[in-house]
Structure formats: structure tokens, C-alpha cells
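One structure is given here, and the rest of the page talks about it.
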Amino acid sequence: TKPCVGLLFGGRSGEHEVSISSARAVARAFGEADNRDRYDLKLFYIQKDGCWQSGSLAQQVLDSGAALPTSAHPQNRQNLWQFPPDAAEVTVWFPILHGPNGEDGTIQGLLSLMQVPYVGSAVLGSAVGMDKIAMKTAFAQANLPQVAYQAIDGSQLWADSCHYGQGIEQLEIEVGYPCFVKPANLGSSVGIGKATCRTELESALELAARHDRRVIVEAAADTKIREIECAVLGNDQPEASVLGEITYDADFYDYETKYTPGLANLLIPSTLSTSVTQDIQAMAIAAFKAVDAAGLARVDFFYGETTGRIVLNEINTLPGFTATSMYPQLWAATGVPFGELVHRLVQLALDRFPPSS
Ligand code: ATP
Ligand code: MG
Ligand code: MG
Ligand code: MG
């Protein structure tokens, strides 16, 4: 009998709608003739309140692109661990959830407990990849080039009504201006602010601390940067794709620029020289290994236009997967079309079962 793939989408994060678009593209790829012969597909939609729906309700969300309305009342908690009965038929899970509760190891822990293989990183790789402070510590340990940064305890910020007391001078010395202030556990640039002076730094700290107890302040990578991304695929012998470059008009690649059609352009492959390209590809694989990622990840870099310096920005263990997203487009340009890519990911999930962490 054919393996039954359980496509898991939606979720409790702010990236719910992005997840629906990603899942629609993945479901379409499983509908292609080759994959139809290989797999059965079942849809599982996690509502914004955390409840699971399957079958025609999940199909309806995929078709319409609209989240199912949830009741304003907190759900009976028991609903949260009563999975739809057809979950028992799934032989391999394909989580296509972004952000907290999807990309951070929580759902991966649940699937590990179910003892069913799943696509992507296990608990450790997901959690380390999600938390920018833990991620940077792992990257530093692997000697990967990064900007100067400082981790900040958000509760300390609130205790000092976001003025960060004496700490702010130390921050200015160690990080300097301009700098970027980020909640440690988010994506899509949510809660990120750029600061060029103390007043801006204070309001950026306040914004970030509203989203997360853990906050990070980073030096700007360069006066003029090019944003470069590399897709990684594999388990113990991961491979790197060609590089992609993102161009836009905004001050930085913020939420609006990411999600307003037409504001950002993807250039694939990037026009960087062969030697810079190879350096970045090697760093992407090193970054993937440093956090113990598996299956897939998109690794993001800054290339200093004037300095020629490459710095590693971050890893995303469940990157956007819509038809126009960077990750599948990078693989298509490298010779792995979308339908083949989802097949490879399922095979990688089966290969590494049981997940080690
Ligand atoms: P994603 O949606 O890719 O998960 P994210 O929310 O994790 O994004 P980052 O990639 O860390 O956020 O930062 C978002 C954007 O902010 C970057 O793409 C870049 O434009 C800008 N940025 C962040 N950090 C720096 C930095 N140190 N120097 C220059 N620009 C930066
Ligand atoms: Mg990210
Ligand atoms: Mg992300
Ligand atoms: Mg990013």
C-alpha cells in the first residue's frame, strides 16, 4: 500500500495565512501524476485556536485560502488532543506551519510522541533554529561569521520601563548604530525595528519586548547590503541550491515589503561571483549542521556591497513554501522541480525515522 502523507497546515502563529498558501502549493504537487502514484494525501488543518480539522473542512480552507472562524470562547482543552480519526491513517506527516507552534519544535515533539515520521527538523533543530539567541550561539560555536549582537532579557526591560537603565550605554558601545532590535522567536520581520539613535533604540526595544521575553540587538551588517538566500535539502549529507537575491526599495526587508505583492523581487540565480557563491553555499550547509536541522531549511545571508563581507543572518527550518516562495524556486532553478522536491522531502523523512532528537 502507498504511504499516506498527512499535510498539516494553518496553526496558531501569525503566519497562519502564509501556511495555508504554502499548503495549497504542496497539496497541488502531491496531486501531480507521479506523486499520485506514490502517495495518498490527507489534509489536516489546525485552526487559530489550536483545534484540528480534517477532510472536507480542511479542503475548504485550502480552496478558499480563508481561515475557519473560531469561537471567541476558549476551547475546551480536551479538543486539543482529540485528533480527527483519520490522523491514525497517516504514515508520514508533512508539517507546513510557520513561526511559533509550528516551526519551533512544539509540533515536532507531538509528532515524535506519535511515533510517525515527519518532514523537516526534529525538536532540537526546530527550537534552536527558531530562537535567534540560541541560533547565534550555535553559529558562533561553528565559527560562522555574524554581526556583533547582544542578547537582552525582556523582563529586565519592562522592570526598567524599557529604558534599559545603564545597560543602554553598554549596548551602544558593544553594538552601535545603526542596529536592529528583534524579538528572539518570530518570523516575517514581525516586531523588528531599526534604530539609528537612542530614542529609536528605546522604542525598538519596547516593540520587541512586547512580542517576546527574549530580545536581541544586532549591529547593521554593512552600510549597503545585498540579501542572499540559499536553500538546503538533505539529512546527514545536505546539499545547497543556487543562490537567490532579494531586491526592494524599502529601508529593510520588513513585513510590508515581504507580503505586499510587487514590493520585493527575487533574482534567481543571484549574480554573485562563483567563489562568493561557493563560500555562501558551504556556510549554508555548516549553518544547517550547526543547529541540527534536517530535511529542509532556508539560510539567509547579508553580502556587504562595499566590503565584500559575507555574514550569516539566520536559518528558517520551515521556510515559505508557496508556488512563488524562495525555497521551492531555488530548488527548481537547481534542477529539482516542485513535485520532485516534495517527494524528496518525504523520502528524507522516512530515511531518518525514528528522529534522534
Ligand atoms: P524571516 O521572515 O526570513 O523568518 P525574520 O523575521 O526572522 O525573517 P530577519 O531575517 O532576522 O527576520 O530580519 C528581517 C530583515 O531585517 C532582514 O531580511 C534585513 O532586511 C533586516 N535585517 C535584520 N538584521 C539585520 C542586520 N544585522 N543588518 C542589516 N539588516 C538586517
Ligand atoms: Mg526568520
Ligand atoms: Mg521565518
Ligand atoms: Mg529572514
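FYI, the numbering just counts along the sequence from 1. In what follows, every heavy atom counts, from backbone to side chain, and hydrogens, waters and symmetry copies are set aside. These figures come from a predicted structure and were not determined experimentally. Ligands are counted one by one from 1 in listed order, and the atoms in each one are counted from 1 as well.
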Exercise. Applying a 4.0 Å heavy-atom criterion (strictly less than), which segment of N313 is in contact with ligand 1: side chain, backbone, both, or neither?
Worked result: side chain

Problem set entry | Residue-ligand contact Y248/ligand 1, heavy atom below 4.0 Å | yes

Problem set entry | Part of I246 with heavy atoms under 4.0 Å of ligand 1, whether side chain, backbone, both or neither | neither

Exercise. Quick check: does S188 have an N/O/S atom under 2.8 Å of the Mg ion (ligand 2)?
Worked result: no

For this session: Examine ligand 1 and decide if any of its atoms is less than 4.0 Å from a heavy atom belonging to C179.
Result: no

Exercise. Which is closest to atom 6 (O) of ligand 1 in terms of heavy atoms, S189, A220, A219, A148?
Worked result: S189

For this session: Scan for side chain to side chain donor-acceptor pair (under 3.5 Å) pairs involving residues 265-278, sequence neighbours excluded, and state none if there are none.
Result: R226-T271

Exercise. K132 heavy atoms, cut-off 4.0 Å: which ligand 1 atoms fall inside?
Worked result: 5 (P), 7 (O), 9 (P), 11 (O), 12 (O)

For this session: Can you figure out which of K258, E103, K182, M326 has its heavy atom closest to atom 11 (O) of ligand 1?
Result: K182

Exercise. Taking the six-membered ring for Trp, is the centroid-to-centroid distance between Y39 and H343 below 6.0 Å?
Worked result: yes

Problem set entry | Side-chain donor/acceptor of T91 to backbone N/O of C4, under 3.5 Å | yes

For this session: Would you please classify the geometry between the F252 ring and the F180 ring as parallel, tilted or perpendicular, with 30° and 60° separating the classes?
Result: perpendicular

Problem set entry | ligand 1 contact on Y259 by region, counting heavy-atom pairs under 4.0 Å | neither

For this session: Measure the distances from the heavy atoms of K194 to every atom of ligand 1 and state whether one is below 4.0 angstrom.
Result: no

Problem set entry | Side chains of Y118 and S112, donor plus acceptor under 3.5 Å | yes

Seminar exercise, completed: The atom of E314 among N, O or S that is nearest the Mg ion (ligand 4) is OE2

For this session: Evaluate the ring planes of F30 and F94, with Trp represented by its six-membered ring, and classify them as parallel (under 30°), tilted (30 to 60°) or perpendicular (over 60°).
Result: perpendicular

Problem set entry | Pick from Y255, Y253, F302: the one approaching atom 31 (C) of ligand 1 most closely through a non-hydrogen atom | F302

